[in-house]
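Quick notes on the structure that follows.
Letters A, B, ... mirror the listed sequences (proteins, then strands); counts begin at 1.
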Protein chains: 2
Amino acid sequence: MKPYLLQTLKEIAKLGAIKNKIEVSSEELAEKIETSQQTASRYLLELDKKGFITRKLGIKKQIIKITNIGEEFLKKEYIDYQRIFELSDKIFFKGKIVSGIGEGRYYTEQNGYIDQFKEKLGFIPYPGTLNVEIEYIEKNKLRLLKNHDTITIQEFKTKNRSFGGVSCFKAEINGTSGAIVLPLRSHYSNILEFISPDFLRQKLDLKDEDIVEIVIFLN
Amino acid sequence: MKPYLLQTLKEIAKLGAIKNKIEVSSEELAEKIETSQQTASRYLLELDKKGFITRKLGIKKQIIKITNIGEEFLKKEYIDYQRIFELSDKIFFKGKIVSGIGEGRYYTEQNGYIDQFKEKLGFIPYPGTLNVEIEYIEKNKLRLLKNHDTITIQEFKTKNRSFGGVSCFKAEINGTSGAIVLPLRSHYSNILEFISPDFLRQKLDLKDEDIVEIVIFLN
DNA sequence: ATTACTAGTAAGCGAGTAT
DNA sequence: TATACTCGCTTACTAGTAA
């Protein structure tokens, strides 16, 4: 949706046009959005054509109501703002399922990790990690993790080699609980590794390239 | 603020740029807002020039943070959405103080009204009503009153004449409590009549033409 | 790599005005 | 009264490209 249409739709909503029909003239609306009568008229035509509002032209003014489609758009916008200002204990990501190189499985089968996962996260992960590729730009959100306490999995050694520490956050993927694991000593990558007691590819019917939503819980 | 700048600022905020500095390239941002790299670059320059963000150009990408001014703009926007979706038990008006023709005083001095005001609103109004002119278009919000229970002041008769019923809603003007009175049998006008135990023009230092905010409480 | 300038094109705007 | 069309003007857009 074009930004100016969204702003216009919001102004109409502020007048109560979600719950009630309202009566406006293009001139009055023009004043509200600080533009000309002609432009306001054009906006109303566009909003109507796109199905965001319904209109009935009277002799004077027009009777307008926001449609369900229009309301949905505004709600999405509202959720964006809620996430910006309120839900600062949650971070939302959209990402794409990708295949790792099987490393995840190797690590999640180490008893040194398993014992700590059980103790600190409360579950034994299904072997392997579900890798979710996020957009490069979204990595910025991971900075928010820095300000919060992490669940830290300590490094340990086996007779063959040593395993580094890992930092975890409780998380959900498409509504299913688990955790995100981040290597302690490395930069954030644009792959999020998700662990869970369940075999998620099966449980959630996920294939490579599928789009998923991840919520990371802080605290 | 131009709608497209606001939308851009919101996208930047969604990446966490209110709390943290974030690292973005104009190309990445362009993808987010579905435009070209050049346009994203221009938007960033505009946002910077207007003081909504600070930027530091690296060799790669740019480090961006939203300023207090930028945050305030987004918060205002957020409040708009809250009022649309959440605060459906409050209606907000901006209006302008105007002088009536002294009618308000005559009515508010009738014992038939006074007794009921005291009983149903809990106060005896200072003689007279404070008249607030709202924009014509804002009258639409008054429709929302229809869906809610009103405090009804019954009609009554004196030996000389009869006085019509009035519908009231608890309200605040610039934070001071009182009530809005609406004649029962008439169309909504674009003048809101506010009553209060206090002499509001003095208490709030109001003169004609002053802009005030009124909140009407439903329920 | 990335930013942002230039310049040509497209989209948006609003005065005038028909309806 | 209104709405909304035309049309000349302005703003916004992006391909190309310099820095």
Q: Using a heavy-atom cut-off of under 4.0 Å over every strand shown, decide if B/S26 touches base, sugar-phosphate, or nothing.
A: sugar-phosphate
Q: Could you check whether A/S25 gets within reach of a base, just the sugar-phosphate, or nothing at all, counting any heavy atom under 4.0 Å?
A: sugar-phosphate
Q | 4.5 Å side-chain heavy-atom contact, A/V98 and A/V132 | A | no
Q | Nearest-angstrom distance from the residue atom CD of B/E27 to C1' of D/dT14 | A | 12 Å
**Q.** Position toward the 5' end of DNA chain D (nearest nucleotide), B/A40 or A/S41
**A.** A/S41
Q | Non-hydrogen side-chain atoms of B/L200 and B/N174 separated by less than 4.5 Å | A | no
Q. Is the backbone of A/E135 close enough, under 3.5 Å, to the side chain of A/E138 for a donor and an acceptor to pair up by distance?
A. no
Q. Hey, are B/T129 and B/N131 close enough side-chain-wise for a donor-acceptor pair under 3.5 Å?
A. yes
Q: Could you state the atom-to-atom distance from CZ of A/R42 to P of D/dT6 in whole Å?
A: 13 Å
Q.
Once you apply a heavy-atom cut-off of 4.0 Å, does B/T39 come out as touching a base, just sugar-phosphate, or nothing?
A. base
Q.
Check this for me: does any side-chain nitrogen of one of A/K60 and A/E23 sit under 4.0 Å from a carboxylate oxygen of the other?
A. no
Q. What's the CG-P distance between B/L45 and C/dT6, to the nearest Å?
A. 12 Å
Q. To the nearest angstrom, how far is A/Y4 atom OH from D/dC13 atom P?
A. 11 Å
Q) Can A/E72 and A/K76 be said to form a side chain to side chain contact (heavy atoms under 4.5 Å, CB included), step by step? A) CA-CA 6 Å; A/E72 284 316 307; A/K76 261 186 229 160; 5.6 Å; no
Q) Hey, does the side chain of B/K2 come within less than 4.0 Å of D/dA12's phosphate (OP1/OP2), counting only N and O? A) yes
Q: Rounded off to whole Å, could you give me the NZ-to-P distance for the A/K60 and D/dT3 pair?
A: 11 Å
Q | Integer-rounded Å distance: C/dT3 P and B/K49 NZ | A | 19 Å
Q: Could you tell me, to 10°, how much the axis swings from one end of the helix from C/dT2-D/dA19 to C/dT19-D/dA2 to the other, five pairs per end?
A: 40°
(Q) Given the ring of A/Y136, does A/K139 sit roughly above its face, with NZ or CZ under 6.0 Å from the centre of the six-membered ring and within 45° of the axis? (A) yes
Q) Is the shortest side-chain N/O distance from B/R55 to OP1 or OP2 of C/dT2 below 4.0 Å? A) no
So which protein N/O to nucleotides 16-19 of chain D N/O distances come out below 3.5 Å?
from, atom 1, to, atom 2, distance (Å)
D/dG16, O6, B/Q38, NE2, 3.1

Q. Can you tell me if A/Q82 and B/Y81 form a side-chain donor-acceptor pair at under 3.5 Å?
A. no
Q) For the pair made of OH in B/Y43 and P in D/dA12, what is the distance, rounded to whole Å? A) 9 Å
Q) Where is the tightest heavy-atom contact between B/I22 and A/R143, given as atom of each residue plus distance? A) CA-NE, 4.1 Å
Q: Would you kindly give the CD-to-C1' distance between B/E34 and D/dT14, to the nearest whole Å?
A: 16 Å
